[in-house]
Chemist: 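Structure provided below as structure tokens; questions to follow.
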Amino acid sequence: MPLDRLVLILVIVIAAAGATVWLGALLVTAGMVPYGWLTLIPVGLVAYLLWRVVSDRLSEKGGYDRIEK
């Protein structure tokens, strides 16, 4: 396995772990603060937007660079 692929996998795993801890802390805080659940609306919208961008890029057959190979 090339070194750059290994580093990419490690960065993705660390980022996913950090996002999980952050989301868990956000959920706990939102439950403790009055009207704290309202903070989850922007987080949900950003997550939905991110999901749409990633799924669109994965389903794009020609790619975004439009370079002929």
Side-chain angles (χ1 to χ4, degrees):
M1 177 182 304
L3 183 61
D4 59 342
R5 183 170 291 188
L6 179 64
V7 170
L8 178 63
I9 291 171
L10 287 174
V11 167
I12 290 173
V13 167
I14 291 171
T20 302
V21 169
W22 176 76
L23 188 59
L26 183 68
L27 287 172
V28 168
T29 304
M32 297 171 75
V33 176
Y35 299 108
W37 292 103
L38 292 176
T39 61
L40 296 179
I41 293 172
V43 172
L45 290 173
V46 168
Y48 174 72
L49 180 67
L50 197 81
W51 175 259
R52 291 296 305 252
V53 167
V54 168
S55 67
D56 184 46
R57 288 186 182 224
L58 289 177
S59 67
E60 182 73 24
K61 304 237 185 314
Y64 277 91
D65 53 1
R66 305 281 186 230
I67 297 174
E68 293 190 27
K69 297 179 180 174

Chemist: Report yes or no: do Leu27 and Trp22 belong to one cluster of Ile/Leu/Val/Met/Phe/Trp/Tyr joined by side chain heavy-atom distances under 4.5 Å?
Modeler: yes
Chemist: Which residues pass the side-chain contact (heavy atoms from CB on, under 4.5 Å) test with Val13, not counting sequence neighbours?
Modeler: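 Partners of Val13 by the side-chain contact (heavy atoms from CB on, under 4.5 Å) criterion, ordered by chain and then number, come out as Ile9.
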Chemist: Which residues end up grouped with Ile12 if you chain together Ile, Leu, Val, Met, Phe, Trp and Tyr wherever their side-chain heavy atoms are less than 4.5 Å apart?
Modeler: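 So far as hydrophobic clustering goes, Ile12 is joined with Leu8.
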Chemist: Given 3.5 Å as the limit, does a donor-acceptor pair link the side chain of Thr29 with the main chain of Leu26, or not?
Modeler: no
Chemist: Which other residues end up in the same hydrophobic cluster as Ile41, if Ile, Leu, Val, Met, Phe, Trp and Tyr are linked when side-chain heavy atoms come under 4.5 Å apart?
Modeler: Tyr35, Leu38, Leu45
Chemist: Can you find a heavy atom in the side chain of Tyr48 that is under 4.5 Å from one in the side chain of Val43?
Modeler: no
